[in-house]
Structure formats: structure tokens, C-alpha cells
Amino acid sequence: MDLDEAKWALRVLERIYGGFEEWWKGLSAFEILVATIISQNTNSKNTSAAFRKLRERFSLRPEVLAGAPLKELEECLRPAGLYRMKAKRIKEISAILLGREGGLEAILKKPLDEARSELVSLPGVGWKTADVVLSFAAGKATFPVDTHIARIAKRWGIVDGKAGYEEVSTAFKKVVDEKERRRVHLMLIRFGREYCVARAPRCDQCPIKPPCRGVPLGRRTARKV
DNA sequence: CTCCGGCGAG
DNA sequence: CTCGCTGGAG
């Protein structure tokens, strides 16, 4: 698929997925950061369960979480998996932001590249998490790439099979207008969950069937039967 | 590359 | 039972 065909494909998805839930509305930037860390390598259901538990137990502010007992944080985060790491990192990040003038908001006011590299320097924050926060909490012009989106980009063939994070992100930034990126990001995740699934993609029911030819994932051709 | 990890789909 | 999930660090 070339980039024009990708634009067409996105329009098809928009027709199917009319509305979408603005889950980040009403959340502070810090809460969005915490929620995104919880979501790492975890499905949305388990993410919500853990986030809900955490918010029931604590006021989600750096001042509170920096001093929260690690055990209690872990207990809240368990449904999301990877919970010891996530609890530790959220607590560490809280302490770091506490000690910084202006906290997270000050970082998000900076120019994109500067803000991005400061976020990535936080423990447990990689490109994906940083881009989600920049996009959803600060309205910056990023395009977050999760495993669904990377998989779709490779199957559609708008990047090659061994493309890294930045290549996929750049490809979608070319195709999607700045103001539409949050919506398209969420749409693609939904499409990846409902049709373009990792294990057994439902190509027979896929609305993007042509021009997508179902390019197999670039890696791991030799699975043992 | 491996580990962290509860959880649901197949 | 295995695999993958809105990843990141060592």
C-alpha cells in the first residue's frame, strides 16, 4: 500500500468507527502519564481496572504517590501486569517531578523535541509513552505508535517489516493531519484489536482487504509448525 | 536478546 | 495449554 491508499484506508475506518471515547478528558497530565504507564503491554480492560483501583486508593498527584507505600501501589496495579515495575517507576517519576520546578506541566510547555527528550529520560517512559502524553495531555504534533499500530503499518506495507518506532510514526504523520492524529491513533488501535489482530487476523471480514494484501509480519517466518 | 506479569482469547 | 496485550530497561 502506498500513502494515498493508506489515506483511503483511514477514511474507510472513520466511516466504520464514528464516535470514540475521549478517555483522557478530565484527567490531568500527570494522570494521563500514570495511565499510560499502566497500559504498557497490557490490554485496556486490565489497564482500566488497575487505574480505577489506584485512583480509588490515592489522589493521583506526585505529592501523594511519591510518598505512597510501594506495597499498596503494587496491590492497585496488579490487574495490569508488570505491576512491581510499574509501581516502582510511577513512584520514582512522582519524586522526580516533585523536585522539578513547575512539575510535568513545565515540561509539557517546552518545545516538542525538548519536552520529548525530558519525558523519555524519566524511568519507565519510552517513546510511545512520551508521545501519548505529548499528544493527549499537551496537544503536541506527535503520533504515538503501539504494537497494534506498528503491526498494521507493516501489514499495510506503508513501512517495511523491520521498521522501527520512528519510521512508523513518521509514516502516519505524513498521512494524518495534525488535528486528526489523536482520533486516528485510537481508531487504529481499535481496528488492530477487532480485525487486524496479531495472532489470527480476520482478513476475510476486513474492510481494508484490498489494497491490503495481508503482508505477513516481517519477523518470525519460521514458527515451529 | 530477555525479563517483567495478570489476564483473557483461542 | 500457549500466545499476545495501547513497552521499557538491563
Side-chain angles (χ1 to χ4, degrees), chain A residues 13 17 20-25 27 31-54 70-94 96 116-137 142-155 162-169 172 176 181-205 216-225:
Chain A
L13 293 186
Y17 301 132
F20 66 107
E21 194 188 349
E22 301 188 328
W23 60 268
W24 65 95
K25 292 284 183 177
L27 296 182
E31 287 173 320
I32 291 175
L33 172 58
V34 169
T36 307
I37 290 173
I38 293 174
S39 79
Q40 288 168 2
N41 222 57
T42 304
N43 63 46
S44 58
K45 187 174 186 175
N46 294 343
T47 299
S48 310
F51 187 71
R52 188 166 51 247
K53 276 190 143 189
L54 189 66
L70 198 53
K71 278 293 177 192
E72 289 188 35
L73 292 176
E74 290 178 357
E75 185 61 29
C76 296
L77 298 186
R78 189 159 10 135
L82 308 178
Y83 60 94
R84 285 191 217 96
M85 245 189 311
K86 289 173 181 175
K88 184 168 179 283
R89 288 170 181 173
I90 286 172
K91 184 167 178 171
E92 287 173 358
I93 287 173
S94 300
I96 292 171
R116 192 167 190 247
S117 61
E118 285 194 33
L119 288 175
V120 168
S121 74
L122 296 172
V125 179
W127 292 326
K128 189 265 177 177
T129 301
D131 282 342
V132 169
V133 173
L134 288 166
S135 179
F136 288 88
T142 63
F143 195 96
V145 175
D146 53 54
T147 55
H148 286 301
I149 294 179
R151 185 176 64 245
I152 291 166
K154 289 171 188 181
R155 283 184 178 159
K162 50 188 194 316
Y165 182 96
E166 296 293 345
E167 288 175 73
V168 178
S169 184
F172 277 111
V176 184
R181 286 182 190 158
R182 278 190 292 272
R183 192 157 51 89
V184 170
H185 168 85
L186 295 174
M187 213 168 61
L188 283 171
I189 290 170
R190 185 168 169 192
F191 172 66
R193 223 170 29 212
E194 296 179 3
Y195 292 95
C196 206
V197 192
R199 218 179 324 183
R202 305 174 180 175
C203 297
D204 50 334
Q205 303 170 39
L217 295 173
R219 20 176 295 194
R220 213 174 264 284
T221 25
R223 190 101 223 173
K224 62 170 174 180
V225 190

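In what follows, every chain begins at residue 1, and chains take the letters A, B, ... in the order their sequences are listed.
In this structure, the nucleotide among C:dT6, C:dG7, C:dT2 sitting nearest to the side chain of A:Arg199 is C:dT2. Of the candidate nucleotides B:dG10, C:dT6, C:dC5, B:dG10 has the atom lying nearest to any side-chain atom of A:Arg202. Distances from the side chain of A:Arg89 to the nucleotides C:dA9, C:dG7, B:dC7 place C:dA9 closest.
Residue contacts for A:Pro144: at a heavy-atom cut-off of 4.0 Å it reaches no nucleic acid atom on any strand shown. Nucleic acid contact class of A:Val125 (heavy atoms, under 4.0 Å, all strands): sugar-phosphate only. Within 4.0 Å of A:Leu77, counting heavy atoms only, lies no atom of the nucleic acid at all. Among the protein residues, A:Thr36 comes within range of no part of the nucleic acid, since none of its heavy atoms lies under 4.0 Å from any strand. If you check every strand for non-hydrogen atoms under 4.0 Å, A:Thr47 touches nothing. Looking at heavy-atom distances under 4.0 Å, A:Arg78 makes contact with sugar-phosphate atoms alone, never a base. Among the atoms of the strands shown, base atoms are found under 4.0 Å from some heavy atom of A:Ala80. Residue A:Arg182 is out of contact with every strand shown, counting any heavy-atom pair closer than 4.0 Å.
Rounding to whole angstrom units, CZ of residue A:Phe51 and C1' of B:dG6 are separated by 19 Å. Rounded to whole Å, atom P of C:dA9 lies 11 Å from atom NZ of A:Lys88. When the P atom of C:dC5 is taken as reference, atom OH of A:Tyr83 falls 22 Å away, rounded to whole Å. As a whole-Å value, the separation of A:Gln40 CD from C:dG8 P is 5 Å. Between the P atom of B:dC4 and the CD atom of A:Glu74 lies a distance of 14 Å, rounded to the nearest Å. What separates CD1 of A:Ile37 from C1' of B:dC4 is a distance of 15 Å, to the nearest Å. Atom pair A:Ile90:CD1 and C:dG7:P shows a separation of 15 Å (rounding to whole Å applied). Atom NZ in A:Lys128 sits about 12 Å away from atom P in C:dC5, given to the nearest Å.
A salt bridge links A:Glu166 with A:Arg116; the closest basic N to acidic carboxylate O contact falls under 4.0 Å.
Residue A:Asn41 places none of its side-chain N or O atoms closer than 4.0 Å to OP1 or OP2 of C:dC5. Contact check, A:Arg193 against C:dG4: no side-chain N or O comes under 4.0 Å of OP1 or OP2. Phosphate contact (OP1/OP2 of B:dG6, side-chain N/O of A:Thr42, threshold under 4.0 Å): absent. A sub-4.0 Å separation between OP1 or OP2 of C:dC5 and a side-chain N or O of A:Ser44 is absent.
Each of A:Lys45 and A:Lys86 lies near DNA chain B, and the nucleotide nearest A:Lys86 is the one positioned closer to the 5' end. Comparing A:Val120 and A:His148, the nucleotide of DNA chain C nearest to each residue sits closer to the 5' end for A:His148.
Between the side chain of A:Tyr195 and the backbone N or O of A:Pro201 there is no donor-acceptor pair closer than 3.5 Å. Under a 3.5 Å cut-off, the side chain of A:Ser121 and the backbone N or O of A:Glu118 do form a donor-acceptor pair.
At least one side-chain heavy atom of A:Val125 sits under 4.5 Å from a side-chain heavy atom of A:Leu33.
In this structure, the ring of A:His185 has its center no less than 6.0 angstrom from the ring center of A:Phe172.
A gap of 14 Å separates the P atoms of B:dG10 and C:dT6, to the nearest Å.
Applying the salt bridge (Lys or Arg N to Asp or Glu O under 4.0 Å) rule to A:Lys88 yields the partners A:Glu92; only residues at least two apart in sequence or on another chain are considered.
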